[in-house]
Every structure is written in structure tokens, then in C-alpha cells.
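Written out below as C-alpha cells is the structure these notes cover.
Excluded from the calculations below are hydrogen atoms, water molecules and symmetry mates; all remaining heavy atoms, backbone and side chain alike, are included. Chain naming here is simple, since letters A, B, ... match the order of the sequence lines and numbering starts at 1 in each. Computed from a predicted structure; not experimentally measured.
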There are 2 protein chains.
Amino acid sequence: MRALMELRKKILSGDYPGGTRLFEVPLAETLQISRTPVREVMSRLAEEGLLDRLANGGFVVRSFTYADAVDAIELRGVLEGTAARLAAERGVSQAGMDQLGEILARLEACFGGGPDEVDLEAYSEANAKFHAVLVGLSNSSVVQREVERATRLPFASPSAFLSSRTHVAAFRQSLHIAQDQHRSLVAAIAGREGARAEFLAREHARIARKNLEYAVYENPELMLTVPGLVLLNS
Amino acid sequence: MRALMELRKKILSGDYPGGTRLFEVPLAETLQISRTPVREVMSRLAEEGLLDRLANGGFVVRSFTYADAVDAIELRGVLEGTAARLAAERGVSQAGMDQLGEILARLEACFGGGPDEVDLEAYSEANAKFHAVLVGLSNSSVVQREVERATRLPFASPSAFLSSRTHVAAFRQSLHIAQDQHRSLVAAIAGREGARAEFLAREHARIARKNLEYAVYENPELMLTVPGLVLLNS
DNA sequence: CAGGACTGCTTTGTATACACGGGACTTGGC
DNA sequence: GCCAAGTCCCGTGTATACAAAGCAGTCCTG
């Protein structure tokens, strides 16, 4: 199934702009496989939300506007917020809280002495872990499934603007605020404050929205380096 | 693609209980088609959330617990709530509000003179329309897409407990409350009250949760007549 | 000149045959 | 007697050939 990764990569790197119809025969030649696995691959990418099924068969690369990206981020916030609220309402075991605390400490350790000094690589990894664990603590496989789904769109992922290739001051500075929200979120869950946890998670996601806004309007060359932003059309 | 509908129907009617692994060859014989379209069908049902992909290939019928159903309903409420909030925040055109008002009136007309007299058939149809239009008014294709997805699980659908086969007093009585919530929801959107709209939509969905609770604990024979409830296992 | 129908091509849908991989069972050796 | 290795079977992955459907372009007719 290397073909799946290959096609996904091509779409994510902008080889096939949004709205491009993908024909089976040429794709089969490009990927050096026959039509049957091509269909399989496209079907999976449709599940991921990267392709749309056409009414009369066939697939097109899904096309995203700036507004869609904003909504996808908002949606991620809503879903993570729900997971956080459920975790708070239903309660989290001591082991779960310990796990969150440990990741929190790992995130903390990524900040160096200087005000602008961050180990982005380590932060990005711990951040992804934090979000994954948080969602798991909702104790709801249904919610977890949908969060993971919403997160699969690269520009909506919690780590979208943390790629090590994007050493942008504006992004780095947001990390202190983000980390404070992480801490507050954990405190809210520990204190069974469902509403607080929910809205902190939402606001947390809106950092990504702000970063997106910055990339699109202030620093357009970032569109090429931040993963997924090439998918944005108009 | 009648095979798709046929297999979906079989799963929804409980022919293949949750956790059942679906093998391609026997399924191909059952459905009277070859393995290739069987794979296609299963792939689509996986997209719908009725099947799960196994790690090493193959599919199993997704298995739902009571808690999963509760969570799926809550999730639907959260997503519809988000749509309602966005509609309120972003504003809805006069034409949109008129459309909502018209459906509201149609719902109203379903209640007869008696306290327990309802044209369930008409109500169910208008109710489905109301929810669809409401979500459309969010003006967000991303949110709309995910609401429709969450709604595809039959027991999480807004019309789950409105099937005409389930003339249960407990369900009918909830309709007056539901209709009041519909009216309030429209008022909230008209008044740009985002938070109110969001939480009304959530609470509205929780009527379904209550009905589910009733079906499972008070009137188990309903499990067989309410569409989708046969999917619930433990 | 315009509209409709027919034909041909392009593209997806379906069937079938073959390849590959994994797991279980059996057999042989220690 | 137990463990390990090999083989066989079951099930999915892949390729290819063929069928059917949709679309467009052209030609014929009114």
C-alpha cells in the first residue's frame, strides 16, 4: 500500500490542485499499479476527506477555501472541546491525570531560557501526544473517532503550524499562550469543570486559526511550507 | 449499486450482529455479485461508519454499546449546535429565515386538537427537513458535511424515534417539547444569540437520548422496531 | 439554420484468474 | 513430551479483460 502514501503525498504537496479530477487509467500508470488498487486507494482517500466522490463515479481532489480551513479548525476545537468536557464530567483516573501531567512537564521542558527559545521538534511531538491523550480521556470511542477524523485534514491538525521547517517568530510566540492553555485545560479536567474545559479547548484551537490568518494574509510564502496549506484555493 | 443498499439493509436489520467479520467470498455469493464490487460496497459502508476496517485487511460489522449510542447522540447535538451557533453568529438571510419559519409552521400543523394527537408521518418528514435546513444555514460546508456524517448512524439521526411504526406514547409526548425547542432555536438564530442557539440544539438532541434510555430500560421490545437499535450489543 | 439522433470514444463498473501472505496444524527432531 | 519448522489452506491483494454507460461531436433532416 505504498501507492496510498504516494498519492496522498502528491495531493498534499499540491501536485493535484483542488478540483482536479483523478482518472483511473493515467493514475494507474503514474503509480505503476493497475486500476483495481487505484480504486481502493482513492476510496480510502475519500474516507480521509482528501477526495470527493463524483455523483456518476470518479473522484476529484477536494477543494478547500480559506473559509473551509477556518471552519475545519473551529470544528476540531469543538470536537476536542467535547472530549475535554466529557473527560471532566465523567472523571479521569489518577493514572490518566498523571499521564497528562507528565506530558505537560515534557512540553514545559521544551522552553529554553530565552524568551524565544523553543525546541520545536520536541514540542511538536509532545503536543501531538497531549492532544491524543486528552481525547482518549473522554472515554468515548465515538468522540475519539470523530476527533481523529477531523484532525486528519493537515491544516486542521493540532500540529499544523509546528513543523520544524516553519521557524516563524509569530508561531513560536504563540506557544507560551498555548502551553498556558494546556495547563488550564488539565486543571479544569482535574477539577471536573466541564464547561471550562470545553471552552479552553476551543480557544486553544483558535490559536491555529490565528496562525492560519497570519500565514495567509501576512506571510503568504508560508503557504508553501506549512503542511496542507497548498490545498487552499481561493 | 443495489448491492450496497442490500448489504446496508441486512446490517441495519441485524442480520450481521456487531463484531461479525464479513468475508468477501461468501458475501459475493449471497449478494450474487463478484468480489470486486463487494469490496467497493464494504469500503463505502466503512465510510458510513457501519463497518470497521481490520488492520490486516477485511471488515467487521461495527459494534455499538449503549454508551456509544448515547455518545453518538451527544455528538450529533454538539455538531448541530455548532451549526446553529454559526448560523446565529454569521447571520441568516431573510430567505433562510422564511424557509425555517415555513417548516416550523408545517411542524405546528402536525399537532391535532387532542393532547396526544400527532401526524407522525408528516412530523417526521418536516422534522428531517428542519434539521437539514438548519445545518445548511451555518453556511459551512465543512460543518454540514460532518453533521450529515454523524447523522448517518441510524440511532443518532434526528428522526430515529419518529418512525411511524413506533406509536409510543412516551415518544409522542416529547414532540411538544421538541417543537418548543424548534421555535426557540429559530428565535435564537434570528436574534443572533449564538450561545443560546448552540445549547438549545444540544438539549434538543438529548430528547433522543431520553427516548433511547426509555427504549432500552423501560420498553425493550422497542429495540426491534426503532430503526438502528438492533445494532446495540451490550 | 437549428434541433435531434446516432455513433464512437472515454471512463467507470464487473468478473475472473492468479499471486501473496498469514495462521494453524502436523510432523520431525531433540 | 515439547518445541520448532515447514506446509497447506484460507482470505485478501492485484492484474487484466470485458461490459456498460455517459458524453460529445457530427451528420442528417425538417
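Legend: residues meeting ring-ring contact (aromatic ring centres under 6.0 Å, His included) with A:Y66, ordered by chain and number and at least two apart, are A:Y217.
In this entry the distance linking CD of A:E29 with P of C:dT10 reads 13 Å, nearest Å. Between A:M1 atom CE and C:dC20 atom P there is a gap of 16 Å when expressed in whole angstrom units. The separation between B:R2 atom CZ and C:dT14 atom C1' is 13 Å, rounded to whole Å. Following rounding to the nearest Å, B:Q32 (CD) and C:dT16 (P) show an atom-to-atom distance of 12 Å. D:dT12 atom C1' lies 11 Å from atom CG of B:L54, rounded to whole Å. Atom-to-atom, CD1 of A:I33 to C1' of D:dT16 comes out at 14 Å; the value is rounded to the nearest Å. Spacing between atom CG of A:L27 and atom C1' of C:dT12 amounts to 14 Å, rounded to whole angstrom units. Rounding to whole angstrom units, CG of residue A:L31 and C1' of D:dT14 are separated by 14 Å.
Here B:R39 reaches the OP1 or OP2 of D:dG13: one of its side-chain N or O atoms lies under 4.0 Å away.
Contacts of A:L22 with the nucleic acid, taken as non-hydrogen atoms under 4.0 Å apart, involve only primed sugar atoms and P, OP1 or OP2. Counting non-hydrogen atoms under 4.0 angstrom, A:R21 reaches the backbone sugars and phosphates but no base.
Taking only distance into account, the side chain of B:R35 never meets the base of D:dG11 through a donor-acceptor pair shorter than 3.5 Å.
At distances below 3.5 Å, at least one donor-acceptor pair connects side-chain atoms of B:S13 with backbone N or O atoms of B:K9. The main-chain N or O of B:D68 is found under 3.5 Å from a side-chain atom of B:T65 such that the two form a donor-acceptor pair.
Sorted by first and then second residue, the pairs that involve residues 126-150 of chain A and meet ring pair (Phe, Tyr, Trp, His ring centres under 6.0 Å), not counting sequence neighbours, are A:F130-A:H182, A:H131-A:H182, A:H131-A:H204.
Projected onto DNA chain D by closest heavy-atom contact, B:T36 and A:N56 fall at different nucleotides, the more 5' of which corresponds to B:T36.
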